[in-house]
Amino acid sequence: MSAITGTKSSKPAAGSSSELAERLLIWYRNYRRVLPWRGTNDPYAVWVSEIMLQQTRVETVIPYYRRWMEQFPTLQHLAQAEEQQVLKAWEGLGYYSRARSLHRAARLVVEKYQGQIPASTKELMRLPGVGRYTAAAVASIAFGQDEPALDGNLRRVAARLFNVSLPARSPEGEAQILAHLRAHLPPGQAGNFNQALMDLGAMICTPRKPACGDCPLAEWCQSRRLGVQEERPVLTRRAAPPLITVTAAVIWRDGKVLLTRRPANGLLGGLWEFPGGKQEDGETLVECLRREIREELGVEIEIGEPLGVYRHAYTHFKVTLHAFISRLRHGEPQPHQADDMAWAALEELSRFPMGKIDRQIAADLLKISRSLFPAG
DNA sequence: AAGACGTGGTT
DNA sequence: TAACCAAGTCT
């Protein structure tokens, strides 16, 4: 068969590792990336790294991972931490439900599993924030279980290697890819196999212009043989994100500013922000802000100088935020539509976990205050 | 099942 | 620039 097609057989003998897998593991021994979470099998460390790495670049994760393991070196440390502390450590990483879930899961493992992280994918998947990929990664890397992981890298590499023409993110495409991976999984080496494919995807089999000339698996690659490697994986397009306009108020009183805490679930859940909200049709910015503050806090405000205009792109929409310096006119604010509320001095702002835009507003306030009062 | 859910880098 | 994407999960 290989003589006819020009590629090697993709079918390994049952129960043994394929030639492809052996070649991949040799490449991995020689070229694997040195990363802070490698070189340990500590299930907690592996777990933390896998959660942080979800939809997030390795270079972004590294400093967060180091700080995290310093601050929460064990499962017990994490379980005992306050949620605000956990969110603060996560600030800037995005997808904040990951931090909240990890924290909840740590408490659950301490209370219900005697502090022992489960080893099977089935049990791992019961933990909040642990899905199919993470369960397979932890089970294979930390516990040596024969589980194929399927992430963005593996999806792309496998779609090319086995020339999968179904949409790679569809249930059918993923099932096909997983079947191929499972067929090549070297028994007892799944952790290395999974990580090798991730490294290959990151360094060789990249999204654009894959370096096929340097690929240890080139002779097995079916899409390369057909010259369609750049058309794999088959992707589906997404709709353009809507644009929304929002306002926010920096409400001053006695040298402090008012912060509210976002509801636990949803966008930026549990993070603090300067109160405000989305502009509705036919509404001016000032009308919008007055209404939002009335609804959220039950008070009337006097809107002063604009502080700045902030633009930010989230995954599924883009926002332009107009921030205004404001003061209270009537009433004492209550967190009607927020989980909590706090008056914070400028020096305290850094303690509150915030998303990107609100952190930028806070930074601008500090900057302005320092220029007005250089002595402090 | 399709859309919500952050941020930063690249093209 | 706008679009795409990077070690996914949840509803």
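Here the C1' atom of nucleotide B:dG6 and the NZ atom of A:K318 are 14 Å apart, to the nearest Å. For A:N194 and C:dG8, the CG to P distance is 13 Å, given to the nearest whole Å. One can place CH2 of A:W90 at 13 Å from P of C:dG8, the figure rounded to the nearest angstrom. Across the protein-nucleic acid pair, A:L268 atom CG and B:dA4 atom C1' stand 12 Å apart, rounded to whole Å. For A:Y314 and C:dA2, the OH to P distance is 18 Å, given to the nearest whole Å. At whole-Å resolution of the value, CD1 in A:I244 and P in B:dC5 are 10 Å apart. Taking atom CZ of residue A:R262 and atom C1' of nucleotide B:dC5, one finds them 11 Å apart after rounding to whole Å. Rounded to an integer number of Å, the gap from A:R169 CZ to B:dA1 P is 15 Å.
The residue A:W37 sits close to a base: some heavy atom pair falls under 4.0 Å. Backbone-only contact: A:G92 has heavy atoms under 4.0 Å from sugar-phosphate atoms and none from a base. Within 4.0 Å of A:A202, counting heavy atoms only, lies no atom of the nucleic acid at all. Contacts of A:L35 with the nucleic acid, taken as non-hydrogen atoms under 4.0 Å apart, include base atoms. Looking at heavy-atom distances under 4.0 Å, A:R33 makes contact with a base. Residue contacts shown for A:L93 include a base, since a base heavy atom lies under 4.0 Å away. Base engagement by A:R38 is indicated by at least one non-hydrogen atom pair under 4.0 Å involving a base atom.
For B:dT7, the OP1/OP2 oxygens have a side-chain nitrogen or oxygen of A:Y96 closer than 4.0 Å. Contact annotation: A:H316 side-chain N/O to B:dG3 OP1/OP2 distance is not under 4.0 Å. A close approach under 4.0 Å does not occur between any side-chain nitrogen or oxygen of A:H312 and OP1 or OP2 of B:dG6. Between A:R156 and the phosphate of C:dA6, there is a side-chain N or O to OP1/OP2 separation shorter than 4.0 Å.
The residue among A:G266 and A:K356 whose nearest nucleotide of DNA chain B lies closer to the 5′ end is A:G266. If A:T134 and A:P207 are placed on DNA chain C by their nearest nucleotide, the residue sitting closer to the 5' end is A:P207.
Of the residues A:E147, A:E174, A:E50, the one that meets the salt bridge (charged side-chain N to carboxylate O under 4.0 Å, His left out) test with A:R132 is A:E174.
Centroid-to-centroid, the aromatic rings of A:Y314 and A:H316 stay 6.0 Å apart or farther.
A side-chain N or O of A:T56 and one of A:R98 form a donor-acceptor pair less than 3.5 Å apart.
Evaluation of atom-type donor-acceptor distances gives a pair under 3.5 Å for the side chain of A:Y95 against the base of B:dG6. At a cut-off of 3.5 angstrom, counting only N and O atoms as typed in the model, there is a donor on one side and an acceptor on the other between the side-chain of A:T315 and the base of B:dG6.
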Practice item. Check step by step if salt bridge (charged side-chain N to carboxylate O under 4.0 Å, His left out) holds for A:E287 and A:R291. Key: CA-CA 6 Å; A:E287 286 165 351; A:R291 176 183 55 73; over 6 Å; no
Review point. Yes or no on ring-ring contact (aromatic ring centres under 6.0 Å, His included) for A:H184 and A:F162, after CA distance, side-chain angles and deciding distance?
Key: CA-CA 11 Å; A:H184 286 276; A:F162 306 112; 5.4 Å; yes
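Comparing C:dG8, C:dC5, B:dG6 by their nearest atom to the side chain of A:Y133 picks out C:dG8.
The stretch residues 42-66 of chain A comes close to DNA chain C through A:E50, A:L53, A:Q54, A:Q55, A:R57, A:V58, each having a heavy atom under 4.0 Å from the strand.
Taking the P atom of each, C:dA6 and B:dC5 are spaced 22 Å apart, rounded to whole Å. B:dG3 and C:dC4 have their P atoms separated by 15 Å, with the value rounded to a whole Å. Nucleotides C:dT11 and B:dG6 place their P atoms 14 Å apart, quoted to the nearest Å.
Side chain of A:D358 to backbone of A:F274: a donor-acceptor contact under 3.5 angstrom is found. The backbone N or O of A:A202 lies less than 3.5 Å from no partner atom in the side chain of A:R33, so there is not a single donor-acceptor pair.
We find that A:R294 and A:E300 are joined by a salt bridge, their nearest charged nitrogen and carboxylate oxygen being less than 4.0 Å apart.
Other residues, nucleotides and ligands contribute more than 12 heavy atoms inside 6.0 Å of the CD atom of A:E332.
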